[in-house]
Amino acid sequence: MLLELTSDQEFFRETTARYLAERAPVGELRRLRHDPAGFDAAYWRGGAELGWTSLLVSERHGGGSISGDPLVDLTLIAHEFGAHAAPGPLVATNVVAAALSAADGDGGDAARPDRDALVAGLVAGEAIASWAYSEPAPSDRPGTVELTVRPDGSDVVLDGVKRPVESAAAASHLLVTGRTGEGLTQVLVPTDAPGVTIEPLRSVDLTRRFATVRFAGVRAPAAAVVGEIGGAAEAVRRQLQLALVLLDAEAVGAMQRAFDMTVEWAFDRYSFGRPLASYQALKHRFADMKTWLEASHAVSDAAAAAVQAGAPEADELVSAARAYIGDRGSELLQDCVQLHGGIGVTFEHDLHLFLRRHTVNRTLFGTPADHRQRVADIVVERERAA
């Protein structure tokens, strides 16, 4: 997390931390393990009132930021989500709300009251929507889109499969990214539209719910297209940046919580009359973990700042952060488990909650290996352009 927060940012973060401690303690997370949605509707509405869902939308839609850098502000919430393994579709809801708000621009789409009503519902926590972007193998690398969006008279027709889609079963709408010829098109599709099939997936995260969504000849009116047909590439790039920044902030929050728990354990647990933390071999392991953790904070913050500023290096930084946090975070969390000994691998201990959250996050929107390749591709392209 940022080394220096403004007083307003710190209050915003602390308010969310207190709310999550009260409404989503570890006992509640265990209770939600078998809940179909993975979160309580009243809990989500309460979080929306705190500002979880309004930071990335325009003032016309009821949005606003704490510091003037809304994405940076939202990473503070994402960090706390990771630190509490909190339930709720934070990333999915904010990406869709931001996409719909940006497509409306300065009010040019005010003649679409249904879309305005959906954004208002997302901001209020009354509605859930998700981004249907990722696809199953072999089309699972970032930037690979095989689902087709075909214009047909005054409609568009969608055919293809998206997987995984977060909170698809709880969502009223999906923002579907598909391919039209050489370009990308995005369509806002109700989940109850004819031809849409939602198949729940199993997840290692106790409260995150994902699904495979199939689109078989799904017909939507042209008014459901978000942006221009075949002209959504830049919007999709921005949405991917937002999703990755928020997932990384969550992952770092989980890493920080697990590290803090392990340090406390090492000082409290005695072996041969000495605390575990006093042994030289363990000190070296903690030093490595602390280095990975601080570097993860730094690269996550740098990526968020670059995306917020629209910097030309934003894509490179986002993927670099994704690759580093994905790999080093997994190593850190596995070390935390090992340092706890036998109790670290039990369901009764809380450590696995944060390992689960990080494990799922590192697989969404591309693996660390995918993003290392993406960084390499960006560098090669830049060298050719030079």
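Note: hydrogens, waters and symmetry copies are ignored here, and every other heavy atom, side chains too, is used. Note that the structure is predicted; figures quoted are calculated from it, not measured.
- Classification of Asp35 and Arg209 as a salt-bridged pair fails, no side-chain N sitting under 4.0 Å from a carboxylate O.
- How far NE2 of His349 is from OG1 of Thr346: 6.5 Å, rounded to the nearest 0.5 Å.
- Smallest separation of non-hydrogen atoms from Arg23 and Ala42: NH2-C, 3.9 Å.
- Separation of atoms CZ (Arg13) and CD (Glu10) is listed at 4.0 Å; rounding is to 0.5 Å.
- Between Thr185 and the choices Thr148, Leu158, Val225, Val145, the side chain to side chain contact (heavy atoms under 4.5 Å, CB included) rule is met once, by Val225.
- Of all heavy-atom pairs spanning Ala85 and Thr207, the tightest one is O-OG1, 4.2 Å.
- Taken to the nearest 0.5 Å, the CD atom of Glu80 stands 10.0 Å off from the CD atom of Gln256.
- Here the closest heavy-atom approach between residue Pro151 and residue Thr180 is recorded as CD-CG2, 4.0 Å.
- Taken from CZ in Arg141 to OG in Ser139, the straight-line distance is 11.5 Å, to the nearest 0.5 Å.
- One hydrophobic cluster, built from ILVMFWY side chains closer than 4.5 Å, cannot hold both Ile229 and Leu100; they sit in different ones.
- Across every non-hydrogen atom of Leu364 and Pro164, the tightest pair is CD2-CG, 3.9 Å.
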- Task: Check step by step if side chain to side chain contact (heavy atoms under 4.5 Å, CB included) holds for Met289 and Leu339.
- Result: CA-CA 12 Å; Met289 292 161 65; Leu339 287 166; 3.9 Å; yes
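- We find that Asp116 and Arg60 are joined by a salt bridge, their nearest charged nitrogen and carboxylate oxygen being less than 4.0 Å apart.
- Neither side chain, Ser296 nor Arg328, offers a donor N or O lying under 3.5 Å from an acceptor on the other.
- Relative orientation of the Trp44 and Phe81 rings is perpendicular, given thresholds of 30° and 60° on the angle between their planes.
- One finds the CD atom of Glu28 at 11.5 Å from the CG atom of Leu20 (value rounded to the nearest 0.5 Å).
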- Task: For side chain to side chain contact (heavy atoms under 4.5 Å, CB included), just list the numbers for Arg285 and Tyr279, CA-CA rounded to whole Å, side-chain angles, deciding distance to a tenth of an Å, and then say yes or no.
- Result: CA-CA 10 Å; Arg285 291 182 73 175; Tyr279 289 93; over 6 Å; no
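- Here the CG-OG1 distance, from Leu282 to Thr262, works out to 11.0 Å after rounding to the nearest 0.5 Å.
- Using a 30° and 60° split on the angle between ring planes, Trp52 and Tyr19 fall in the perpendicular class, above 60°.
- Checking Asp248 against Ser300 by side-chain atom types alone, no donor-acceptor pair falls below 3.5 Å.
- Between Arg237 and Glu234, at least one side-chain N (NZ, or NE/NH1/NH2) sits under 4.0 Å from a carboxylate O, which counts as a salt bridge.
- When all heavy atoms of Arg362 and Pro368 are compared, the closest pair comes out as NH2-CG, 3.4 Å.
- Residues Asp370 and Thr367 have side chains that bring a donor and an acceptor to within less than 3.5 angstrom of each other.
- A cation-pi geometry, defined here as NZ or CZ lying under 6.0 Å from the six-membered ring centre and within 45° of its normal, holds between Arg30 and Phe347.
- The pair Arg356-Asp205 does not count as a salt bridge, with every side-chain nitrogen at least 4.0 angstrom from each carboxylate oxygen.
- Of the charged side-chain nitrogens involved, at least one lies within less than 4.0 Å of a carboxylate oxygen, so that Glu294 and Lys290 count as a salt-bridged pair.
- Summarising the geometry of Ala249 relative to Ala78, their closest heavy-atom pair is CB-CB, 3.8 Å, with the distance given to 0.1 Å.
- By the neighbour-count criterion of 12 heavy atoms within 6.0 Å, atom CD of Glu228 is sparsely surrounded, having that number or fewer from other residues, nucleotides or ligands.
- His79 and His297 have their aromatic ring centers within a separation under 6.0 angstrom.
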